[in-house]
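Position 1 is the first residue of the sequence; numbering continues from there. Keep in mind that what you see is a predicted model, and the values were worked out from it rather than measured.
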Amino acid sequence: MPTHRLLLGLVLVVLAAGAVGVGAMTAASTATTEADRAADAAASAAERTAAQADRDAAAAVIAAEAARIAALRPVPAQASAPLELPAAPALSLDDPASLWVVVNKARPLDGGSTYVPSDLVIVPVAHTFSPLLRQEASAAVVALFDAAQAEAGLTLASNSAYRAYSVQQRVYGSIVAASGQAYADTTSARPGHSEHQTGLSLDIGAVSGRCSLNACFAETAEGQWLAGNAWRFGFELRYPDGMEAVTGFNFEPWHYRYLGVDLATTLHESGVTTLEEHFGLAAAPDYR
């Protein structure tokens, strides 16, 4: 074989070997780059996952704190705008819009099934059922409950407030069905004869529920504090012990009627315990 051809063959072999080496190096370099990219992508995904976990943990903490704060509030804040009150009615014993209206077994509420107070508002106090009262009475209840807490460490609750005529029908009817009309008439007013329909009466109990709507409430710290202090805020214990022959109802140490501070103070100072006696009205032990 001629020498130049032999040399040319050797050169081609060397070049071919070099090409194989370069190809191997290029493939190795490409593999390294892909691995780096995969590692970077995995690291980025891990960082995003960790960041999302941090955000989720922060949101959980915020939600838990919001729930804790909400739990400290026994009732929602009153959100409605202040009402424009109508002109105050004369302090009549017959006008259902009067603070002094007297409703009993002998004196049905004027307006009967159609009467609804024009200024009912939600009472922002602890309660069994969301209470409504007339605006002036509502403000007085808040002041009364706040004083019980501040002065005696007692937490009061509303058990029942305004009742529409139709609601009183159901309440009275359920007692008649369970215990008969004679018994019902000593413990619940017939529809149209209930003070609750005026939006001025409230059944009050302890927030614990102890002795709620029961005569034993009179022996509790809450019942005794109310009996001694409710007048300061314009309330009268409407159905006192031993006055069934005048009011027509058994002793209800939980039932308070808003009269305004002036009249409540007058009753307290005079020792007169019923509206019937104070205004010289006939006793109302029975329906007429």
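- Closest of all the heavy-atom pairs between Ser201 and His196 is O-ND1, 3.7 Å.
- One N or O on the side chain of Gln168 and one on the backbone of Ala189 form a donor-acceptor pair closer than 3.5 Å.
- No path of Ile, Leu, Val, Met, Phe, Trp and Tyr side chains, each step under 4.5 Å between heavy atoms, connects Met243 with Leu281, placing them in separate hydrophobic clusters.
- A ring-ring contact (aromatic ring centres under 6.0 Å, His included) with Phe235 holds for exactly one of Tyr256, Phe145, Tyr258; it is Tyr258.
- What you find for Thr266 and His278 is that their closest heavy atoms are CG2-CE1, 3.8 Å.
- Nearest approach of Leu132 to Ala161, heavy atoms of both residues: O-CB, 3.2 Å.
- Between His268 and Trp231, the two ring planes are parallel [angle under 30°; tilted spans 30° to 60°].
- Atom NE2 of His255 sits about 9.0 Å away from atom CG of Leu202, to the nearest 0.5 Å.
- Side-chain contact between Val246 and Thr273: absent, with no pair of heavy atoms (C-beta onward) separated by less than 4.5 Å.
- Between the side chain of Arg238 and the backbone N or O of Glu195 there is no donor-acceptor pair closer than 3.5 Å.
- Put simply, Tyr239 and Ile204 are part of two different groups of oily side chains (I, L, V, M, F, W, Y) that touch within less than 4.5 Å, one to the next.
- Remark: side-chain polar atoms of Tyr287 are paired, donor with acceptor, to backbone N or O of Arg190 under 3.5 angstrom.
- A side-chain donor-acceptor contact under 3.5 Å links Gln197 to the backbone of Gly112.
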Item to check | CA sep, side-chain torsions, deciding dist, call: Val125, Asp146, side chain to side chain contact (heavy atoms under 4.5 Å, CB included) | outcome: CA-CA 9 Å; Val125 297; Asp146 285 349; over 6 Å; no
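- Considering all non-hydrogen atoms of both residues, Ala157 and Val207 come closest at CB-CA, 3.9 Å.
- To the nearest 0.5 Å, atoms SG (Cys211) and CH2 (Trp254) are separated by 10.5 Å.
- Interatomic distance, Asp286 CG to Thr186 OG1, rounded to the nearest 0.5 Å: 11.0 Å.
- Note: Asp95 CG to Thr198 OG1 = 11.5 Å, rounded to the nearest 0.5 Å.
- Looking only at side-chain heavy atoms (C-beta outward), Leu237 and Phe251 come within less than 4.5 Å of each other.
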Item to check | Verdict with supporting geometry, Lys105 and Phe249, side chain to side chain contact (heavy atoms under 4.5 Å, CB included) | outcome: CA-CA 9 Å; Lys105 290 180 176 180; Phe249 293 100; 3.8 Å; yes
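- Aromatic ring pairs are classed by plane angle as parallel below 30°, tilted from 30° to 60° and perpendicular above 60°; the pair Trp100 and Phe279 is tilted.
- Taking the side chain as every heavy atom from C-beta outward, Thr247 and Asn104 never approach each other to under 4.5 Å.
- For Ser174 (side chain) and Val171 (main-chain N/O), a donor-acceptor pair under 3.5 Å exists by modelled atom type.
- Residues Tyr162 and Val116 meet the side-chain proximity criterion, which asks for heavy atoms closer than 4.5 Å.
- Hydrophobic clustering of Ile, Leu, Val, Met, Phe, Trp and Tyr side chains at less than 4.5 Å, counting indirect connections, keeps Val261 apart from Val142.
- Val141 and Phe129 are assigned to two separate hydrophobic clusters, defined by single-linkage of ILVMFWY side chains at heavy-atom distances under 4.5 Å.
- Counting heavy atoms from C-beta on, the side chains of Leu156 and Leu226 come closer than 4.5 Å.
- With a 4.5 Å cut-off on side-chain heavy atoms, Tyr172 and Asp185 count as touching.
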Next on the checklist: Determine whether Trp225 and Leu144 satisfy the following criterion, side chain to side chain contact (heavy atoms under 4.5 Å, CB included), listing intermediate values before the conclusion.
Outcome noted: CA-CA 11 Å; Trp225 189 90; Leu144 174 68; 3.7 Å; yes
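- No donor-acceptor distance shorter than 3.5 angstrom exists from the side chain of Ser194 to the backbone of Pro191, with no hydrogens or angles considered.
- Looking at heavy atoms from C-beta onward, Asp94 lies in side-chain contact with Arg107 at the 4.5 angstrom threshold.
- To the nearest 0.5 Å, atom CD of residue Glu222 and atom CG of residue Leu154 are 5.0 Å apart.
- With contacts defined as side-chain heavy-atom distances shorter than 4.5 Å, the pair Leu91/Leu263 does not qualify.
- Scanning both residues, Pro108 and His193, for their nearest heavy atoms gives CB-CE1, 3.5 Å.
- Taking all atoms of both residues into account, the shortest heavy-atom contact from Asp110 to Tyr115 is O-CB, 4.0 Å.
- When only modelled atom types and interatomic distance are considered, Asn159 and Thr128 share a side-chain donor-acceptor pair under 3.5 Å.
- We find the CG-CZ distance between Leu200 and Arg257 to be 5.0 Å, quoted to the nearest 0.5 Å.
- With hydrogens and angles ignored, the 3.5 Å screen pairs no side-chain donor or acceptor of Ser188 with any backbone N or O of Ala184.
- One hydrophobic cluster, built from ILVMFWY side chains closer than 4.5 Å, holds both Leu213 and Leu133.
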